[in-house]
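Let me begin by presenting the structure, written as structure tokens, before commenting on it.
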Amino acid sequence: MKRIISTGKAPQAIGPYSQAVEIEGTLYISGQVPLNPENMKLVEGGIKEQTEQVMKNIGAILDAAGYSFRDVVKSTCLLADMKYFKEMNEVYGKYYPENPPARAAFAVKELPLGALIEIETVAIK
């Protein structure tokens, strides 16, 4: 059975989607942009600050669903420009010091709300 995950510790959905959906021990987290869940505004700063906020949002959703970063098996990172890849990687890597998940990273033309980064995540128990 499908379980919808929602937490006030991560930004609320700004469209017709759920923060995350769990089914049969697999958690699918919708793409997270660097919104501060307290005011629903993009965090100030550059790619490092935005990546940090995205990872905090992912962590809050993982926690709400009973998962952790150790359970993450796949991430897809969408960047406004590949020039941000190195700095994004520095922040992202802190969350996966051992056995990091599979990952893809793409530059896209534009991200919601003018964000520099969006990350979607899959975790398995």
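Each residue takes its place number in the sequence, starting with 1.
The shortest side-chain heavy-atom distance between Thr26 and Val122 falls under the 4.5 Å cut-off. Between Val72 and Tyr95, the closest side-chain pair of non-hydrogen atoms is not below 4.5 Å. Residues Pro11 and Met40 form a side-chain contact, since some pair of their non-hydrogen atoms from C-beta on lies under 4.5 Å apart.
Nearest heavy atom pair, residue Asp71 against residue Tyr67, reads OD2-CA, 3.4 Å. In this structure, Gln53 and Pro37 approach most closely via the heavy-atom pair NE2-CD, 3.7 Å. The nearest pair of heavy atoms linking Val54 to Pro34 is CG2-N, 3.5 Å. Closest heavy-atom contact between Leu111 and Ala80: CD1-N, 3.9 Å. For the pair Leu27 and Ala20, the tightest heavy-atom approach, listed with the atom from each and the gap, is CD1-CB, 3.8 Å. Here the closest heavy-atom approach between residue Thr7 and residue Ala60 is recorded as CG2-O, 3.9 Å.
In the displayed structure, Lys74 atom NZ is contacted under 6.0 Å by more than 12 heavy atoms of other residues, nucleotides or ligands. The neighbour count for Lys125 NZ, taken as heavy atoms of other residues, nucleotides or ligands under 6.0 Å away, is above 12.
Defined by atom type and a distance below 3.5 Å, a donor-acceptor pair is missing between the side-chain atoms of Tyr28 and Thr121. Counting only N and O atoms by type, the side chains of Tyr84 and Gln50 include no donor and acceptor under 3.5 Å apart.
Without hydrogens or angle criteria, Gln19 side chain to Ala10 main chain gives a donor-acceptor distance under 3.5 Å. Between the side chain of Glu110 and the main chain of Ala115, no donor-acceptor pair closer than 3.5 Å is present. Checking side-chain atoms of Tyr17 against main-chain N and O of Ile14 turns up a donor-acceptor pair under 3.5 Å.
Interatomic distance, Ile119 CD1 to Leu78 CG, rounded to the nearest 0.5 Å: 8.5 Å. Between the CD atom in Glu118 and the CG atom in Asn57 there is a gap of 11.5 Å [rounded to 0.5 Å]. Separating the CD1 atom in Ile117 from the CE atom in Met55 is a distance of 8.5 Å, to the nearest 0.5 Å. In this structure, the separation between OG on Ser30 and CD1 on Ile58 is 10.5 Å, given to the nearest 0.5 Å. Separating the CD1 atom in Ile47 from the CG atom in Leu116 is a distance of 5.0 Å, to the nearest 0.5 Å. Atom CZ of Phe106 is separated from atom CZ of Phe85 by 11.5 Å, given to the nearest 0.5 angstrom.
Each of Ile5 and Val33 belongs to its own hydrophobic cluster when Ile, Leu, Val, Met, Phe, Trp and Tyr are linked at side-chain heavy-atom distances under 4.5 angstrom. Connection of Phe69 to Met88 is established within a shared hydrophobic cluster, with ILVMFWY side chains joined at heavy-atom distances below 4.5 Å, either directly or through further cluster members. Under a hydrophobic-cluster definition in which Ile, Leu, Val, Met, Phe, Trp and Tyr are linked whenever side-chain heavy atoms come within less than 4.5 Å, directly or via other members, Tyr92 and Met82 are assigned to the same cluster.
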(message) The test is side chain to side chain contact (heavy atoms under 4.5 Å, CB included); show your working for Asp81 and Lys83 and say whether it passes.
(response) CA-CA 5 Å; Asp81 192 308; Lys83 71 182 180 184; 3.3 Å; yes
(request) Please assess Lys56 against Lys9 for the test side chain to side chain contact (heavy atoms under 4.5 Å, CB included), listing each intermediate value before the final yes or no. (result) CA-CA 9 Å; Lys56 286 179 183 177; Lys9 294 181 180 180; over 6 Å; no
(request) Tell me, with the steps shown, if Glu90 and Lys48 meet salt bridge (Lys or Arg N to Asp or Glu O under 4.0 Å). (result) CA-CA 8 Å; Glu90 290 171 11; Lys48 286 186 175 185; 3.1 Å; yes
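A cation-pi arrangement is absent between Arg70 and Tyr96, since the terminal nitrogen or guanidinium carbon is not both under 6.0 Å from the aromatic centre and inside a 45° cone about the axis.
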